[in-house]
Amino acid sequence: MSATSLTASAARLVSRLKLRHLALLIHIAERESLTRVAEEMGISQPAATKALAEIEDVFGAPLFLRTSRGLRPTPLGERAIVRARHMLQDVDRWAGEMEAVRGGHTAHLHVGAVPYISARVLVPLIERLYERHRITISLQRATTDQLLDGLRAHALDCVIGRAAVMKGMDALQHEVLYPQRPALIANRRLARALARRPPDWAALAEMNWILPSPLTPIGNMVSELFARAGARPPAPMIETYSMDVIAGLMAHHDSLLSIVPEEIATDLGRDGNITIVPWTFDWTLPPVSLIRRRREFTLQAEESLVRILREVCAETAAG
């Protein structure tokens with residue numbers, strides 16, 4: 001969009017709205033008091049009151065209601081606060097990109113990935129992105145719903161997760177990267193003992209489990225597996241996604257079970273302490289997808305990441 005194609009309302013915002021106005025909006029939303037906001041921002045209360053009046057004059061309507069419990073945003077104010085957060089996030093990202101360029105890099109991306117994405121995908125992605133394009137990455141690990149909050153808030157450029165848990169699809173797009181099959185894993189001694197007999201779901205429910213939250217795709221899948229077998233889902237000894245914790249506990253306790261994607265099971269089994277229980281199941285997981293915001297323009301660094309990610313995922317699936 002060019003400067004000459006702006007609507008009258010947009011042109012008014014561009015000419016009158018300042019970054020300090022955006023910061024003030026967020027401070028008011030968080031503190032609900034101009035006195036506290038003035039103290040935090042190092043200005044006088046009359047100056048804070050005047051700045052808020054300037055912002056409301058720009059928008060042509062009140063953004064906050066004065067109540068006995070403090071300043072509360074109006075519907076227009078709520079929308080302004082959301083946009084202000086996004087714009088300041090973009091400014092922060094812009095500053096990071098400038099630092100990257102000054103440091104000899106071409107760009108810097110903020111990427112989110114769920115914990116069950118193997119290093120066999122992430123390591124070559126990061127290495128090739130830097131080797132070929134001098135693009136650096138900040139990597140955040142969390143569940144898909146947490147990462148999508150960061151994506152919508154402009155704190156992340158893209159997410160490698162599961163599109164099955166996506167909400168608010170209008171502003172997001174996703175591309176399936178590869179399927180994942182889950183595997184039952186245990187300490188090698190326990191895996192050998194279990195392999196000698198068919199699955200007994202009631203007995204399995206009484207064993208010690210390491211599982212993610214039941215609100216995650218794998219946690220929900222485990223609950224459904226036991227429910228279909230007419231057994232009570234297990235109460236895990238610990239809820240975690242941490243590969244280090246799973247590996248550490250299973251190395252010292254031969255009574256623990258877990259279910260993880262097959263490639264994660266392979267990663268965990270490299271030290272010889274953990275192995276897949278060789279039972280055959282028809283388990284399925286939502287595929288791993290690349291999730292991005294819909295953009296009006298192409299972000300070249302992001303497109304470079306997408307090309308390399310497709311390449312790495314294809315190699316992983318073939319190998």
Side-chain angles (χ1 to χ4, degrees), residues 112-122 139-150 159-167 174 176-187 190-191 194 199-251 253 255-270 273-291 313 316-317:
V114 295
Y116 283 159
I117 304 299
S118 173
R120 285 177 287 165
V121 171
L122 295 175
L139 181 65
Q140 179 178 338
R141 306 301 290 269
T143 59
T144 300
D145 55 344
Q146 293 169 333
L147 295 174
L148 291 184
D149 288 341
V159 168
I160 306 171
R162 302 190 195 280
V165 299
M166 285 174 62
K167 298 177 182 177
H174 82 278
V176 173
L177 295 171
Y178 60 92
Q180 276 193 326
R181 287 185 53 81
L184 177 65
I185 61 171
N187 179 285
L190 176 58
L194 291 174
D200 181 337
W201 293 97
L204 286 171
E206 299 301 322
M207 298 184 72
N208 294 323
W209 287 81
I210 305 174
L211 293 171
S213 163
L215 301 178
T216 62
I218 283 188
N220 181 64
M221 181 199 73
V222 171
S223 296
E224 290 181 353
L225 288 172
F226 281 86
R228 288 205 306 265
R232 175 183 54 81
M237 186 181 85
I238 180 173
E239 287 187 1
T240 183
Y241 259 122
S242 170
M243 297 300 99
D244 291 341
V245 171
I246 294 173
L249 287 172
M250 284 192 170
H253 301 276
S255 64
L256 291 169
L257 293 170
S258 188
I259 296 178
V260 299
E262 283 183 341
E263 61 267 31
I264 298 298
T266 301
D267 292 345
L268 289 170
R270 286 177 178 165
N273 292 318
I274 297 171
T275 190
I276 295 174
V277 179
W279 286 335
T280 301
F281 298 107
D282 59 349
W283 298 345
T284 58
L285 278 173
V288 172
S289 294
L290 175 66
I291 308 168
C313 289
T316 303

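The residues of the chain are indexed from 1 along the displayed sequence. In this text, all values refer to a predicted model and were calculated from it rather than measured experimentally.
- Counting only heavy atoms from C-beta outward, the side chains of Leu139 and Leu122 approach each other to under 4.5 Å.
- Closest non-hydrogen pair, Arg162 versus Leu285, comes out as NH2-CD1, 4.0 Å.
- Considering all non-hydrogen atoms of both residues, Gly161 and Thr144 come closest at CA-OG1, 3.8 Å.
- Put simply, the side chain of Ser289 never gets that close to the backbone of Ile291: no donor and acceptor are under 3.5 Å apart.
- A donor-acceptor pair is defined here as one N or O able to donate and one able to accept, closer than 3.5 Å; no such pair exists between the side chain of Ser118 and the backbone of Val121.
- Listed here is the closest heavy atom pair of Phe226 and Pro233: CB-CA, 3.8 Å.
- Looking at residues two or more places apart in sequence or on another chain, you find a side chain to side chain donor-acceptor pair (under 3.5 Å) between Gln146 and Thr143.
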List the atom pairs, donor and acceptor, that lie under 3.5 Å between side-chain atoms in residues 214-223 and the rest of the protein, sequence neighbours left out.
unit_1 : atom_1 : unit_2 : atom_2 : d
Thr216 : OG1    : Ser213 : O      : 2.6
Thr216 : OG1    : Gly219 : N      : 3.2
Asn220 : ND2    : Glu224 : OE2    : 3.3
Ser223 : OG     : Gly219 : O      : 3.3

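- Pairing each heavy atom of Ala186 with each of Leu257, the nearest pair is CB-CD2, 3.6 Å.
- Interatomic distance, CG of Asp267 versus CE of Met243, reported as 9.0 Å (0.5 Å rounding).
- Nearest heavy-atom pair across Val114 and Leu147 is N-CD1, 3.8 Å.
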Which donor-acceptor pairs under 3.5 Å do side chains of residues 200-211 form with protein atoms, sequence neighbours excluded?
unit_1 : atom_1 : unit_2 : atom_2 : d
Asp200 : OD1    : Ala202 : N      : 3.2
Asp200 : OD1    : Ala203 : N      : 3.1
Glu206 : OE2    : Arg232 : NH2    : 2.7
Asn208 : ND2    : Ser255 : OG     : 3.3
Trp209 : NE1    : Leu204 : O      : 2.8

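- With contacts defined as side-chain heavy-atom distances shorter than 4.5 Å, the pair Ile185/Met250 qualifies.
- The shortest heavy-atom contact between Trp283 and Ala183 is CZ3-C, 4.0 Å.
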**Prompt:** Checking side-chain contact (heavy atoms from CB on, under 4.5 Å) for the pair Tyr178/Thr316: CA distance, chi angles, key distance, verdict?
**Reply:** CA-CA 9 Å; Tyr178 60 92; Thr316 303; 6.0 Å; no
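- Proximity of a side-chain donor or acceptor of Arg141 to a complementary backbone N or O of Ile117 within less than 3.5 Å is detected.
- Side-chain atoms of Gln180 and Glu263 include a donor-acceptor pair closer than 3.5 Å.
- Here the CG atom belonging to Leu268 is positioned 6.0 Å from the CD1 atom belonging to Ile246, to the nearest 0.5 angstrom.
- Note that the CZ atom of Arg120 and the SG atom of Cys313 stand 12.0 Å from one another [nearest 0.5 Å].
- Once rounded to the nearest 0.5 Å, the distance linking CG of Asp282 with CZ of Arg228 reads 6.0 Å.
- The CD1 atom of Ile274 sits 7.5 Å away from atom CG of Asn187, with the distance rounded to the nearest 0.5 Å.
- Under the 4.5 Å side-chain criterion, counting only non-hydrogen atoms from C-beta, Tyr116 is not in contact with Val288.
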**Request:** Applying side-chain contact (heavy atoms from CB on, under 4.5 Å), run through Leu225 and Ile259 and close with a yes or a no.
**Result:** CA-CA 11 Å; Leu225 288 172; Ile259 296 178; 4.2 Å; yes
